[in-house]
Every structure is written in structure tokens, then in C-alpha cells.
Amino acid sequence: MSVTPKTALTIAGSDSGGGAGIQADLRTFFACGVHGMTAITAVTVQNSVGVQGFTEIPPDVVSAQIKAVAGDMGVDAAKTGMLATAEIITAVAKTLDEVHIGRNADVPFVVDPVAASMHGDALLREEALEAIRTELFPRATLVTPNLDEVRLLTGVEVTDRASQRDAARALLALGPMWVLVKGGHLYDDPECVDLLSDGVQFIELSARRIDTPHTHGGGDTLASSITAFLAKGLGVPDAVDEGKRFIERCVAEAYPLGEGVGPVSPFWRLA
Ligand SMILES: Nc1ncnc2c1ncn2[C@@H]1O[C@H](COP(=O)(O)OP(=O)(O)OP(=O)(O)O)[C@@H](O)[C@H]1O
Ligand SMILES: Cc1ncc(COP(=O)(O)O)c(N)n1
């Protein structure tokens with residue numbers, strides 16, 4: 001008899017190059033054994049060398065996508081990626097409350113506060129940062145910023161493992177249950193250490209730094225794997241630990257594609 005898998009919803013932008021965004025989330029959900037569903041917020045024109053432009057989806061259409069799947073199929077965990085504008089963020093926050101997703105409704109909700117692509121191209125309008133802080137963070141089970149996003153959201157400049165703790169405290173003050181301060185951008189560190197905290201526990205998740213230029217989609221792949229493991233019923237520390245092991249292998253198996261930065265790869269999980 002067929003078994004219905006757990007379900008995970010990603011609310012994010014499309015990457016035409018297939019390495020990040022919705023495309024990375026869906027293939028990660030598949031590799032991690034959950035049924036993926038999508039609410040698309042923007043369509044980017046993107047390849048391995050950068051983002052050439054994007055068009056936003058109207059906020060009411062983003063909300064309608066969330067309601068359509070939540071009402072009919074059910075959501076075991078959800079995540080956000082590129083949200084583009086304050087209007088979309090406001091619509092997402094309101095809709096998540098309506099369909100009972102988020103920390104207060106016991107359906108885990110991961111916020112990956114994507115601000116720019118790894119090439120430095122903006123994916124979020126500047127005025128939308130305040131909406132991420134005030135409307136999304138208080139609803140989040142877990143937030144997963146990289147160091148640039150930490151600086152934009154809190155003003156804390158992370159340069160080492162001690163300042164990673166300061167950043168965690170500053171982010172927790174904005175209201176999420178857990179924060180994961182990712183250390184991928186501490187390029188001088190021979191290890192990639194991500195700091196997970198709920199304000200009581202400070203857990204350092206460490207992996208060797210793999211020598212590769214191809215890390216496109218790494219942040220999305222980590223956040224969506226954690227979301228998949230939360231959908232399967234793991235608690236936050238276990239889901240993040242599994243996610244960290246997952247992304248380490250994905251970076252190790254990353255492949256060149258195009259003239260620029262190639263994508264991390266979850267294919268190893270299917271072998
Ligand atoms: N070279 C590497 N080797 C191993 N792990 C890495 C490497 N680079 C990043 N990671 C890990 O990948 C995850 C994503 O980290 P990062 O801090 O780069 O986030 P990000 O900037 O959102 O990602 P990206 O911009 O690549 O999508 C983290 O768990 C980080 O520790
Ligand atoms: C649609 C979309 N969402 C997210 C990212 C971030 O990924 P990266 O930091 O690897 O460029 C991206 N480039 N495009």
C-alpha cells in the first residue's frame with residue numbers, strides 16, 4: 001500500500017538556473033523524503049554569473065498559493081526564502097496566521113532571511129528588512145541568517161566565534177524561538193561552524209571547510225533540509241544537526257555548471 005509522505009511548503013523565489021530558491025528547495029525536499037509544495041513570490045532571471053532581474057508575484061497570489069495547499073493537503077513544516085517586498089512579507093505573515101503555521105500554532109516555520117544572491121545582487125527591497133524583523137521573526141521557530149544578513153538585521157558584525165554569540169543574542173531579541181548563525185562566510189576559519197541557540201543553549205555545529213567555489217544554493221539547501229527534518233517530526237536541535245550533515249555532503253558534491261558559481265548537490269542522497 002502507498003504511504004503518504006510528510007509535507008513541506010516553501011515560500012520563495014524561482015531561480016531560472018535551478019541552483020537556489022524554489023528549485024533548490026524542491027529537490028532538497030525530494031532528497032529528504034518529504035512532499036514539497038510551493039508558494040512562489042518572485043521569478044528571477046538568473047544563471048551562474050548573477051541575477052539579471054526579477055518580477056514579483058502579487059501579494060494576494062502569494063497568499064492564495066499558501067491557502068490552497070494548506071487548506072487541502074496540510075503542511076507539516078514551512079520555510080521562507082526570497083520574499084522581495086514588504087507587501088509580500090505582510091501578506092505571508094497574515095496568511096500563515098490564518099492557516100495556523102508558525103511557532104504559536106505548532107507547525108514549525110523556518111525563516112531564511114534572504115537579502116541578496118551570493119553574487120551580491122539584491123533579492124529584497126531595502127525597506128522590507130523592517131518587515132522581516134517585526135512580522136516574520138516573531139512567528140519563526142528558527143531563523144537562519146548568513147553573516148551579511150545578520151549585519152543588515154541587527155548591526156552586529158560577526159568576525160569570529162565570540163561575535164557569533166553576540167549576533168545570536170541580538171537576533172533572539174527580535175522574537176524567534178531559535179537562531180542559527182551560519183558561519184560559511186568566516187573564510188579564514190578552516191571549519192564552517194554554525195551557532196544554534198535558543199538563548200539558553202549555545203550549540204556549535206562544526207564541519208570541515210570544503211575547498212570549492214561552487215556553493216550556489218547552499219543557504220536554501222540547508223534551510224530546506226532542516227524544514228524537511230522538522231516536517232518528519234524531529235525537534236529543532238536534531239533537525240539542524242541532520243541539516244548540517246546534509247549540507248556538508250551537498251557542498252562536497254557541488255559541481256561546476258556555467259561560467260560562474262555552480263550549485264551544491266543533494267544527488268548523493270539518492271545514490
Ligand atoms: N566551503 C564550505 N564547506 C563546507 N560547508 C560550507 C561551506 N560553505 C558554506 N558551508 C555551510 O553551508 C551552509 C550555508 O552557509 P553560508 O554561511 O554560506 O550561507 P549562505 O550565504 O546563506 O549560503 P549561499 O549564499 O551559499 O546560498 C552553512 O551550514 C555553512 O556552514
Ligand atoms: C530565487 C533565489 N533565492 C535565493 C537565492 C540565494 O542563493 P545564493 O545565496 O546561493 O545565491 C537566489 N540566488 N535566488
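Numbering of ligands and ligand atoms starts at 1, following listing order.
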Counting non-hydrogen protein atoms only, what is the nearest one to [atom]? Give residue, atom name and distance.
atom: atom 1 (N) of ligand 1; answer: Ile210 O, 2.9 Å
atom: atom 22 (O) of ligand 1; answer: Lys182 NZ, 2.8 Å
atom: atom 30 (C) of ligand 1; answer: Asp194 OD1, 3.8 Å
atom: atom 4 (C) of ligand 1; answer: Arg208 O, 3.4 Å
atom: atom 10 (N) of ligand 1; answer: Cys192 SG, 3.9 Å
atom: atom 12 (O) of ligand 1; answer: Ile247 CG1, 3.6 Å
atom: atom 17 (O) of ligand 1; answer: Gly184 N, 3.0 Å
atom: atom 27 (O) of ligand 1; answer: Gly219 N, 2.8 Å

Less than 4.0 Å between a side-chain N and a carboxylate O, is that true for [Y] and [X]?
X: Glu98; Y: Lys94; result: yes
X: Glu130; Y: Arg133; result: yes
X: Asp241; Y: Lys244; result: no
X: Glu191; Y: Arg161; result: yes

Task: Minimum heavy-atom distance Val143-Pro176, with the two atoms named - done: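 The answer is CG1-CB, 3.8 Å.
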
Task: Residue pair Ala12 / Thr10: nearest heavy atoms and the distance that separates them - done: CB-OG1, 3.5 Å

Open item on the list: Within the 4.0 Å heavy-atom shell around Asn146, which atoms of ligand 1 are there?
Closed with: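 Those qualifying, in numeric order: 19 (O), 20 (P), 21 (O), 22 (O).
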
Task: Numbered atoms and elements of ligand 1 in range of Arg209, under 4.0 angstrom, heavy atoms - done: 1 (N), 3 (N)

- [ ] Taking side chain to side chain donor-acceptor pair (under 3.5 Å) as the test, write out the residues that go with Thr7, two or more places apart.
- [x]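 Thr7 satisfies side chain to side chain donor-acceptor pair (under 3.5 Å) with Asp76 once adjacent residues are dropped.
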
- [ ] Calculate, to the nearest 0.5 Å, the distance between atoms CG and CZ belonging to Asp25 and Phe30 respectively.
- [x] 15.5 Å

Task: Euclidean distance, Thr41 OG1 relative to Ile89 CD1, rounded to 0.5 Å - done: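 Spacing of CD1 (Ile89) from OG1 (Thr41) equals 9.5 Å.
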
Just to be sure I'm reading this right: ignoring hydrogens, which of [options] gets closest to [atom]? Compare them by their nearest heavy atoms.
atom: atom 18 (O) of ligand 1; options: His214, His185, Arg245, Glu248; value: His185
atom: atom 26 (O) of ligand 1; options: Thr221, Thr215, Val251; value: Thr215
atom: atom 13 (C) of ligand 1; options: Asp112, Thr144, Leu222, Val150; value: Leu222

- [ ] Give every residue pair that meets the side-chain hydrogen bond (donor to acceptor under 3.5 Å, both in side chains) criterion with at least one member in residues 251-271, sequence neighbours excluded.
- [x]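 Applying side-chain hydrogen bond (donor to acceptor under 3.5 Å, both in side chains) to every pair that reaches into residues 251-271, excluding sequence neighbours, yields Arg27-Tyr255.
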
Would you mind writing out a table of all protein N or O atoms found under 3.5 Å from any N or O atom of ligand 2, naming both atoms and giving the distance to 0.1 Å?
{"unit_1": "ligand 2", "atom_1": "7 (O)", "unit_2": "Asp220", "atom_2": "OD1", "d": "3.3"}
{"unit_1": "ligand 2", "atom_1": "9 (O)", "unit_2": "Met118", "atom_2": "N", "d": "3.3"}
{"unit_1": "ligand 2", "atom_1": "10 (O)", "unit_2": "His216", "atom_2": "ND1", "d": "3.2"}
{"unit_1": "ligand 2", "atom_1": "10 (O)", "unit_2": "Gly217", "atom_2": "N", "d": "2.7"}
{"unit_1": "ligand 2", "atom_1": "11 (O)", "unit_2": "Met118", "atom_2": "N", "d": "2.9"}
{"unit_1": "ligand 2", "atom_1": "11 (O)", "unit_2": "His216", "atom_2": "ND1", "d": "3.3"}
{"unit_1": "ligand 2", "atom_1": "13 (N)", "unit_2": "Gln46", "atom_2": "OE1", "d": "2.8"}
{"unit_1": "ligand 2", "atom_1": "14 (N)", "unit_2": "Gln46", "atom_2": "NE2", "d": "3.2"}

TODO: Could you tell me whether ligand 1 has any atom less than 4.0 Å away from a heavy atom of Ala207?
DONE: no

Task: Donor-acceptor pair between Asp160 and Ser163 side chains, under 3.5 angstrom - done: yes

Open item on the list: Could you tell me if Ser117 and His119 have a donor-acceptor pair between their side chains, going purely by distance under 3.5 Å?
Closed with: yes

Open item on the list: Tell me every residue that passes side-chain contact (heavy atoms from CB on, under 4.5 Å) with Ser197, counting only those two or more places apart in sequence or in another chain.
Closed with: Ala168, Leu172, Val179, Phe202

TODO: Check whether any N or O atom of Lys244, backbone or side chain, sits under 3.5 Å from an N or O atom of ligand 1, and answer yes or no.
DONE: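 It does: an N or O of Lys244 is found under 3.5 Å from an N or O of ligand 1.
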
